[in-house]
Amino acid sequence: MEQQEHHVEVNGLPRIGEQAPDFQAKTTQGDISLRDYQGKWVVLFSHPSDFTPVCTSEFVAFQEVYQQLRALDTELIGLSVDSVSSHIVLAAEYRSELSDDHRISYHC
């Protein structure tokens, strides 16, 4: 009996290595579009809310590997339901834990 290969599309979300749909967003680094990162790998990560333990630990963990990701031509974009103003306050509060060269864009 010949085995058939089944491909199931889950919510139309792209898989690793597939092209993601373009989007535009206001971020802590200004307005961006996903197409701005064309030709690069992008890690989209989300966190529950600013000023939560998970949020802080995620930012610090990504900061620790940021230069390694940059060496792999990979950019980080953080996704959140919070406002850009909230992210700016968060970044200012935790600046001592983040290096000066962090360029992670956070958007809501």
Side-chain angles (χ1 to χ4, degrees):
M1 183 188 281
E2 189 175 315
Q3 192 174 24
Q4 293 183 353
E5 198 172 307
H6 295 279
H7 295 281
V8 178
E9 187 174 307
V10 179
N11 297 328
L13 298 175
R15 297 179 183 268
I16 293 175
E18 292 181 348
Q19 186 172 354
D22 190 31
F23 63 83
Q24 293 78 39
K26 295 188 180 307
T27 79
T28 57
Q29 305 297 321
D31 292 347
I32 66 165
S33 170
L34 187 58
R35 89 177 120 238
D36 298 338
Y37 300 92
Q38 190 169 356
K40 295 184 176 195
W41 286 98
V42 174
V43 175
L44 297 172
F45 70 96
S46 63
H47 62 91
S49 186
D50 290 345
F51 303 100
T52 62
V54 172
C55 168
T56 306
S57 62
E58 282 182 347
F59 290 160
V60 172
F62 275 121
Q63 180 61 36
E64 290 172 356
V65 297
Y66 185 62
Q67 290 307 319
Q68 294 168 321
L69 292 172
R70 291 296 304 261
L72 297 170
D73 202 24
T74 302
E75 297 291 338
L76 294 172
I77 301 175
L79 310 170
S80 171
V81 298
D82 294 314
S83 68
V84 172
S85 342
S86 178
H87 299 323
I88 291 169
V89 171
L90 175 76
E93 186 164 317
Y94 290 101
R95 186 152 321 272
S96 64
E97 295 181 48
L98 302 172
S99 70
D100 290 337
D101 64 349
H102 76 286
R103 296 289 298 173
I104 303 170
S105 294
Y106 307 104
H107 71 82
C108 54

Do Val42 and Phe23 belong to the same hydrophobic cluster, where Ile, Leu, Val, Met, Phe, Trp and Tyr are linked whenever their side-chain heavy atoms lie under 4.5 Å apart, directly or via other members?
yes
Considering non-hydrogen atoms only, spot the tightest contact between [X] and [Y] and give its length.
X: Pro21; Y: Leu34; value: O-CD2, 3.3 Å
X: Asp31; Y: Lys26; value: OD1-CG, 3.3 Å
X: Leu72; Y: Trp41; value: O-CD1, 4.3 Å
X: Tyr66; Y: Leu76; value: CD1-CD1, 3.6 Å
X: Leu44; Y: Leu79; value: CB-CD1, 4.1 Å

Taking only residues two or more places apart in sequence, or in another chain, which ones meet Ala61 in a side chain to side chain contact (heavy atoms under 4.5 Å, CB included)?
none
Go through the structure and list residues passing side chain to side chain contact (heavy atoms under 4.5 Å, CB included) with Glu18, not counting sequence neighbours.
Pro14, Arg15
Partner residues of Asp22 under the side-chain hydrogen bond (donor to acceptor under 3.5 Å, both in side chains) criterion, sequence neighbours left out
Gln24, Ser33, Arg35
When rounded to the nearest 0.5 angstrom, what is the spacing between CD in Glu64 and CG in Leu69?
12.0 Å
